[in-house]
Amino acid sequence: MSKGITSKSEDYSQWYNEIVIKADLAEHSSVKGCMVIKPYGYSIWEKMQAVLDHKFKETGHSNAYFPLFIPKSYFSKEASHVDGFATECAVVTHYRLKNDGTGNIIVDEEAKLEEELIVRPTSETIIWNTYKGWIQSYRDLPLLINQWANVVRWEMRTRLFLRTTEFLWQEGHTAHATAEEAIEETEKMLDVYADFAENWMGVPVVKGKKTETERFAGALDTYCIEALMQDGKALQAGTSHFLGQNFAKAFDVKFTSKEGKQEYVWASSWGVSTRLMGALIMAHSDDSGLVLPPKLAPIQVVIVPIHKGDEELQKISAFVDELIPSLKGFGISVKYDDRDSQRPGFKFAEYELKGVPIRLAIGARDMENGTVELARRDTKEKLTVPQEGLAEYIFQMLAQIQQNIYDRALKFRDEHITEANSYEEFKDLLETKTGFIAAHWDGTAETEKRIKEETKATIRCIPLNNKLEDGVCILTGKPSKQRVLFAKAY
RNA sequence: CGGGGUGUAGCGUAGCCCGGUAUCGCGCCACAUUUGGGAUGUGGAGGUCGUAGGUUCGAAUCCUGCCACCCCGACCA
């Protein structure tokens with residue numbers, strides 16, 4: 001491993017890539033566009049999953065699992081849905097290989113599938129096809145299902161965690177008797193995502209609705225949480241869709257209401273993916289590497305002994321052996337790195353790169369003084385702290401770090417929401433300041449498209465609970481009732 | 001998928017223009033000395049030069065196809 005990483009001010013995307021690789025989160029696989037999530041990176045994803053899964057269950061959802069393959073015909077039943085995904089689908093056409101006689105393995109043309117199978121880019125179709133058999137009466141509703149799965153979208157260009165051909169996610173698919181209930185569900189899950197992003201990942205988000213152009217293929221409304229990265233670009237961190245009766249109609253899912261009438265079911269779907277890993281990395285990290293919020297850090301505290309000779313090490317280890325259980329008593333995950341093969345300075349740099357929130361260094365000097373050296377990853381401060389009451393001190397410090405990371409990101413985000421009142425100002429802000437730009441828009445897809453073509457900025461969302469104010473569209477000068485958030489996005 | 005760039009040991013590289021089987025650093029292994037911010041010394045291992053062809057007595061080097069990655073576009077969670 002070479003020393004140091006490219007600074008983010010020098011080359012942001014290289015900085016990002018180097019953190020992913022050098023912090024041992026993931027690497028490129030030999031399959032185009034697909035990555036290997038390495039154990040350290042996967043353990044962060046597992047923590048995310050655990051928290052989200054708990055939240056889903058708390059809000060009444062159950063997990064299930066649906067097939068990876070979707071018959072092509074299902075896929076095309078909802079017209080706008082197929083339009084949205086048709087250009088990025090992996091298609092299975094055969095089910096067998098054979099030896100061509102010269103030692104090469106080739107596709108057996110005789111084993112052609114009668115109907116091609118699509119590798120799911122999302123599961124609305126197979127799930128609604130299944131729901132048809134599950135829902136007959138209003139008593140079967142609401143149906144609140146989540147699935148943890150991999151999906152495939154054949155993207156032109158990929159980036160580690162942010163956009164890979166195959167990615168991991170969860171997708172919730174719910175069925176309701178009324179539109180109101182389905183909308184309530186859609187909004188509730190958006191709140192779950194926002195709560196997770198802010199209180200666990202330490203990433204402030206704007207909750208909003210997508211414009212028609214940016215809406216999910218097949219949805220009546222797409223809600224989203226938008227986060228801001230340190231380079232001033234926005235990242236869509238999660239989406240929650242109100243699907244109306246589109247899929248129920250496409251798959252003929254009806255129920256008998258209390259009044260005995262046949263009605264189509266109302267639907268929502270919502271998802272977050274391993275892209276959250278990208279958001280986590282880009283929101284907090286610095287030129288020394290990853291900075292992890294304590295609540296999602298696989299290792300919250302690392303202890304590095306500093307010693308001359310075995311005798312000193314034994315004394316330190318004896319202290320650490322007592323410290324570890326008391327830390328664990330506070331629910332703190334801790335690693336004691338007493339490897340003799342690396343010197344302390346190396347370990348310091350390594351754990352900084354990996355984003356471990358707190359590092360303790362304990363040497364002979366500390367053992368004499370009854371102290372430890374505590375280093376915070378978020379501020380890089382070093383403090384000398386008494387050994388007495390250390391576990392509780394660390395417990396509180398972790399909470400402080402969690403808060404500080406969030407506050408810092410929030411300050412950055414808030415400083416990067418700027419109002420623009422003319423197209424000139426808008427373009428200037430995009431070039432110089434970046435971030436979210438709050439501007440009036442005439443509500444038309446044409447204007448949105450032209451702004452995108454001319455500036456590369458898109459409407460990230462129309463914030464929920466947006467302040468209403470009279471204004472004029474920055475491009476067309478037509479009247480507008482509220483500002484929307486524009487940004488260049490990932 | 002279009003334009004540009006890159007591909008040599010686990011990583012980063014020199015050599016390529018002017019063909020003669022490969023340089024250096026980090027890392028790795030052994031031993032010793034070390035250990036409060038990425039240790040030092042000595043010895044050692046590790047390469048079908050991305051891949052498949054072609055030209056040539058001979059290819060990392062010249063030519064062609066393919067693959068992968070990076071940057072910029074279009075597409076997108």
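Below, read A as the first sequence line, B as the second, and so on, with proteins coming before strands; counting in each chain starts at 1.
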- Message: Tell me the interatomic distance from Leu162(A), atom CG, to C75(B), atom C1', rounded to whole angstroms.
- Response: 15 Å
- Message: Counting the atoms with a prime plus P, OP1 and OP2 as sugar-phosphate, which does Thr239(A) contact under 4.0 Å by heavy atoms, base, sugar-phosphate, or nothing?
- Response: nothing
- Distance, P atom - from C17(B) to U61(B), rounded to whole angstrom: 9 Å
- Query: Of Lys347(A) and Gly309(A), whose closest RNA chain B nucleotide lies nearer the 5' terminus?
  - Reply: Gly309(A)
- Message: Would you say Lys452(A) places a side-chain N or O within less than 4.0 Å of OP1 or OP2 belonging to C75(B)?
- Response: yes
- Item | N or O in side chain of Ser13(A) less than 4.0 angstrom from C71(B) OP1/OP2 | yes
- Message: Without decimals, in angstroms, what is the distance between Tyr16(A) OH and C69(B) C1'?
- Response: 16 Å
- Task: Find the distance Gln14(A):CD to G5(B):P and express it as a whole number of Å.
- Result: 18 Å
- Message: How many whole angstroms separate atom CG of Asp338(A) from atom P of G36(B)?
- Response: 16 Å
- Is there a Watson-Crick or G-U wobble partner for A14(B) with both distances under 3.5 Å, and which nucleotide is it? none
- Message: Does a side-chain N or O of His28(A) approach OP1 or OP2 of C70(B) to a distance below 4.0 Å, or not?
- Response: yes
- Message: Please report the distance separating the C1' of G73(B) from the corresponding atom of U55(B), rounded so that it comes out in whole Å.
- Response: 37 Å
- Query: What distance, rounded to whole Å, do you find between the two P atoms, one in G47(B) and one in U8(B)?
  - Reply: 15 Å
- Go through the N and O atoms of the side chain of Lys382(A) and the base of G37(B), and report whether any donor-acceptor pair is under 3.5 Å. yes
- Message: Under 4.0 Å, counting only non-hydrogen atoms across every strand here, what does Ala237(A) touch: a base, just sugar-phosphate, or nothing?
- Response: nothing
- Message: Quick test of your reading of the model: are Asp286(A) and Arg377(A) salt-bridged, counting only N-O distances below 4.0 Å?
- Response: yes
- Query: How close or far is atom P of G38(B) from atom CD1 of Ile306(A), stated in whole angstroms?
  - Reply: 11 Å
- Closest to the 5' end of RNA chain B, once Ala375(A) and Glu88(A) are matched to their nearest nucleotides, is Ala375(A)
- Message: Over all strands shown, is Phe216(A) touching base, sugar-phosphate only, or nothing at heavy-atom distances under 4.0 angstrom?
- Response: nothing
- Item | hbond_proxy Glu350(A) side chain to G38(B) base (donor-acceptor, 3.5 Å cutoff) | no
- Over how many whole Å does the gap from Gln342(A) atom CD to U40(B) atom P extend? 13 Å
- Message: Using a heavy-atom cut-off of 4.0 Å across all strands, would you classify Gly84(A) as base, sugar-phosphate, or nothing?
- Response: nothing
- What interatomic distance, in whole Å, is found between P of A9(B) and the corresponding atom of G25(B)? 16 Å
- Who does G73(B) pair with, Watson-Crick or G-U, both distances under 3.5 Å? C1(B)
- Query: Counting only distance, no hydrogens or angles, is the base of G37(B) paired donor-acceptor with the side chain of Arg359(A) under 3.5 Å?
  - Reply: yes
- Task: May I ask you to check if Lys354(A) and Tyr40(A) form a cation-pi contact, with NZ or CZ under 6.0 angstrom from the six-membered ring centre and within 45° of the axis?
- Result: yes
- Arg339(A) side chain near U35(B) phosphate (N/O to OP1/OP2, under 4.0 Å): no
- Item | Watson-Crick/G-U partner (both atom distances under 3.5 Å) of G43(B) | C29(B)
- Item | Paired nucleotide for A59(B) [Watson-Crick or G-U wobble; both distances under 3.5 Å] | none
- Does the side chain of Asp337(A) come under 3.5 Å of the side chain of Tyr351(A) through a donor N or O and an acceptor N or O? yes
- Message: Side chains of Ser317(A) and Tyr336(A): any donor to acceptor distance under 3.5 Å?
- Response: yes
- Message: Would you measure the distance from the C1' atom in U40(B) across to the matching atom in U48(B) and give it in whole Å?
- Response: 36 Å
- Task: Considering just the side-chain nitrogens and oxygens of Arg365(A), establish if one lies under 4.0 Å of OP1 or OP2 belonging to G36(B).
- Result: no
- Query: How is Thr222(A) classified with respect to the nucleic acid when contacts are heavy atoms under 4.0 Å: base, sugar-phosphate, or nothing?
  - Reply: nothing
- Kindly point out which of U35(B), G73(B), C75(B) is positioned nearest to the side chain of Lys456(A)? G73(B)
- Message: Suppose you measure atom C1' in U51(B) against the same atom in G7(B); what distance do you get, rounded to whole Å?
- Response: 11 Å
- Query: Would Arg153(A) count as a cation-pi partner of Phe85(A), with NZ or CZ less than 6.0 Å from the six-membered ring centre and within 45° of the ring normal?
  - Reply: no
- Message: Distance check needed: C11(B) P versus Asp24(A) CG, whole Å only.
- Response: 14 Å
- Message: Suppose you measure atom P in C26(B) against the same atom in G38(B); what distance do you get, rounded to whole Å?
- Response: 16 Å
- Send over the distance from Arg377(A) CZ to G37(B) P, rounded to a whole Å. 17 Å
- Item | Full working for salt bridge (Lys or Arg N to Asp or Glu O under 4.0 Å) between Glu352(A) and Arg359(A) | CA-CA 9 Å; Glu352(A) 272 164 19; Arg359(A) 179 186 74 233; 3.1 Å; yes
- Is it true that Phe216(A) and Trp270(A) have ring centroids separated by less than 6.0 Å? no
- Item | Residues Ser288(A) and Lys380(A): side-chain donor-acceptor under 3.5 angstrom | yes
- Message: Please name the nucleotide paired to G37(B) by Watson-Crick or G-U wobble geometry with both distances under 3.5 Å, or report none.
- Response: none
- Query: What interatomic distance, in whole Å, is found between P of A14(B) and the corresponding atom of G37(B)?
  - Reply: 34 Å
- Which nucleotide in the list U35(B), C75(B), G73(B) gets nearest to the side chain of Glu155(A)? C75(B)
- Query: Under 4.0 Å: is that the gap between some side-chain N or O of Arg157(A) and OP1 or OP2 of C69(B)?
  - Reply: no
- Note on the structure: Checking N1-N3 plus N6-O4 or O6-N4 for Watson-Crick, or N1-O2 and O6-N3 for wobble, each under 3.5 Å, the partner of C66(B) is G50(B)
